[in-house]
Amino acid sequence: GAIWLVTDITEQRAAEEKLAQTLNELGIIFQNASIGIVHLVNRRFMHVNKTFEAISGYSAAELLGESTRKVYVSDGVYASFEPIYAALAAGQSVVRVDAPLCKPDRSEVICELTGSLVDPRNPAIGSIWLYQDITEQRASEEKLARTLSELDLIFNNANVGIAFLANRRFVRVNRKYETMFGWSASELIGQGDTRKFYASDEIWERVLEAVRELPGDEILRMDMEMRRADGSDILCEGVCSYVDPSDRRKGNIWLISDV
């Protein structure tokens, strides 16, 4: 005869099937994530997803087992990660850094990287890194910075006085405005008593009324006598418009010419 030992493995089998399903779902997420995901051990690629292949320009077959140096633009960039890995090993849970990658065609991609250890208790298992391509974002930021710098140059070197006001208080003035009226920017910014900048109550009230009645999408032009810091009067042409016609709370801008 035979002796059979029968063990109920229903729960074990269910747990194994659930684990397999979870791993399968994680695999689907890994491969179809909209950001690059890599698993590194000793700074060598163990796993990469499709998005990272697209970002780096290398296939998984070209990356697996290779050093991360392969995808960075220089030895210097690769070396810059040494203190970052040291921070992770010392217990920092997450690190973030921007770094330039170099594709096989030598074109560069700027990425924002977020890294963490798979298991802080066992650094040998490696780290997981998320790569977000921010090349276009960085280019837009640099273009915006250049535009603002150019506008600032124009603002400060314009041959007319320019003043931004919000709630009848000075927010910003250019150099020409300072020299025209003898007030420094530091004396004007935040100043809400605009009466003293006009030659009379009548002119001041006329200007206030004209601005109040100005439709948001139109431009006001008027001649007015204004007063310098030394008490002398100056005849000016003022051109006023709202910064944002749809929201008067954002204030208005004045262009002032000495006529």
Side-chain angles (χ1 to χ4, degrees), residues 34 96-100 108-112 114 132-259:
S34 61
R96 290 183 175 84
V97 63
D98 293 351
E108 292 188 12
V109 180
I110 307 297
C111 284
E112 179 183 72
T114 303
Q132 181 76 47
D133 183 351
I134 59 169
T135 307
E136 291 187 7
Q137 175 187 329
R138 181 62 58 81
S140 296
E141 290 171 351
E142 291 175 352
K143 183 177 180 180
L144 176 61
R146 286 195 301 271
T147 300
L148 291 175
S149 178
E150 291 166 359
L151 288 174
D152 199 53
L153 258 167
I154 294 170
F155 180 78
N156 276 314
N157 292 282
N159 60 3
V160 296
I162 306 175
F164 287 93
L165 291 92
N167 296 320
R168 288 166 54 185
R169 292 183 179 276
F170 286 94
V171 176
R172 191 178 181 193
V173 298
N174 71 343
R175 294 186 190 121
K176 181 65 175 180
Y177 196 95
E178 292 179 86
T179 57
M180 281 179 67
F181 297 103
W183 303 93
S184 68
S186 60
E187 292 174 300
L188 292 170
I189 303 306
Q191 177 64 250
D193 179 15
T194 56
R195 165 62 187 87
K196 65 182 179 182
F197 303 110
Y198 295 92
S200 68
D201 290 338
E202 180 186 353
I203 295 171
W204 176 58
E205 289 168 0
R206 182 161 57 90
V207 171
L208 292 181
E209 181 66 20
V211 173
R212 275 196 298 268
E213 294 182 357
L214 177 66
D217 58 351
E218 293 189 11
I219 295 175
L220 169 68
R221 294 178 184 274
M222 62 187 306
D223 291 342
M224 51 198 176
E225 279 190 279
M226 302 187 72
R227 183 154 291 166
R228 296 188 177 99
D230 63 7
S232 60
D233 294 339
I234 175 175
L235 180 60
C236 295
E237 179 189 58
V239 178
C240 175
S241 62
Y242 284 101
V243 174
D244 183 349
S246 65
D247 187 357
R248 294 190 176 204
R249 292 172 299 179
K250 293 181 180 178
N252 48 52
I253 180 172
W254 280 91
L255 306 182
I256 306 293
S257 303
D258 180 356
V259 296

State, to 0.1 Å, how close Tyr198 and Met224 come at their nearest heavy-atom pair, and which atoms those are. CE2-SD, 4.0 Å
Main chain of Pro215, side chain of Glu218: is a donor-acceptor contact present, judged purely on distance under 3.5 Å? no
Going by heavy atoms in the side chains, are Met222 and Glu237 under 4.5 Å from each other? no
Do you know the tightest heavy-atom contact between Gly182 and Ala229? O-CB, 3.5 Å
Judged by atom type as modelled, is there a donor-acceptor pair below 3.5 Å linking the side chain of Ser149 to the main-chain atoms of Ala145? no
dist Arg227:CZ -> Ile234:CD1 (nearest 0.5 Å) comes out at 12.5 Å
Can you tell me how far SG of Cys240 sits from CG of Leu255, rounded to the nearest 0.5 angstrom? 9.0 Å
Point-to-point distance, once rounded to the nearest 0.5 Å, from CZ of Arg138 to SG of Cys111: 10.5 Å
Does the side chain of Glu141 come under 3.5 Å of the side chain of Gln137 through a donor N or O and an acceptor N or O? yes
Looking at OG1 of Thr114 and CZ of Arg96, how far apart are the two atoms once the value is rounded to the nearest 0.5 Å? 4.5 Å
Trace of the side-chain contact (heavy atoms from CB on, under 4.5 Å) decision for Trp204 with Thr194: CA-CA 8 Å; Trp204 176 58; Thr194 56; 3.0 Å; yes
At what distance, to the nearest 0.5 angstrom, does CZ of Arg175 lie from CG of Asn156? 4.0 Å
Heavy atoms, side chains only, cut-off 4.5 Å: are Trp183 and Lys196 in contact? yes
Minimal non-hydrogen separation, Gly238 against Ile256, with atom names: CA-CD1, 3.9 Å
Around atom CZ of Arg228, are there more than 12 heavy atoms of other residues, nucleotides or ligands at under 6.0 Å? yes
Min side-chain heavy-atom separation Leu214-Tyr242 under 4.5 Å: yes
Determine whether a donor-acceptor pair (N or O, by modelled atom type, separation under 3.5 Å) exists between the side chain of Glu108 and the backbone of Pro100. no
CZ of Arg221: more than 12 outside heavy atoms within 6.0 angstrom? no
For Gly216 and Pro245, which heavy atoms make the closest approach, and how far apart are they? O-CB, 3.1 Å
Point-to-point distance, once rounded to the nearest 0.5 Å, from CG of Asp233 to OG of Ser200: 8.5 Å
Using side chain to side chain donor-acceptor pair (under 3.5 Å), reason through Ser184 and Glu187 one step at a time and then give a plain yes or no. CA-CA 5 Å; Ser184 68; Glu187 292 174 300; 3.1 Å; yes
Heavy atoms, side chains only, cut-off 4.5 Å: are Val211 and Leu220 in contact? yes
For residues 245-255, pull every pair meeting salt bridge (charged side-chain N to carboxylate O under 4.0 Å, His left out), keeping only residues two or more places apart or in separate chains. Asp244-Lys250, Asp247-Arg249
Residue pair Cys236 / Met180, side-chain heavy-atom distance below 4.5 Å: yes
Begin from the C-alpha positions of Val243 and Asn252 and carry the test side-chain contact (heavy atoms from CB on, under 4.5 Å) through to its verdict. CA-CA 5 Å; Val243 174; Asn252 48 52; 5.6 Å; no
Please list every donor-acceptor pair under 3.5 Å in which a side-chain atom of residues 165-174 meets a protein atom from a residue at least two apart or in another chain.
| residue | atom | partner | partner atom | Å |
| --- | --- | --- | --- | --- |
| Arg169 | NH1 | Gly190 | O | 2.8 |
| Arg172 | NH2 | Asp152 | OD1 | 2.2 |
| Asn174 | OD1 | Ile162 | N | 2.9 |
| Asn174 | OD1 | Tyr177 | N | 3.0 |
| Asn174 | ND2 | Phe155 | O | 3.0 |
| Asn174 | ND2 | Val160 | O | 3.0 |

Among Arg206, Glu205, Arg212, which one satisfies side chain to side chain contact (heavy atoms under 4.5 Å, CB included) with Glu209? Arg212
On a heavy-atom basis, which atom in Asn157 and which in Leu153 lie closest, and how many Å separate them? ND2-O, 2.8 Å
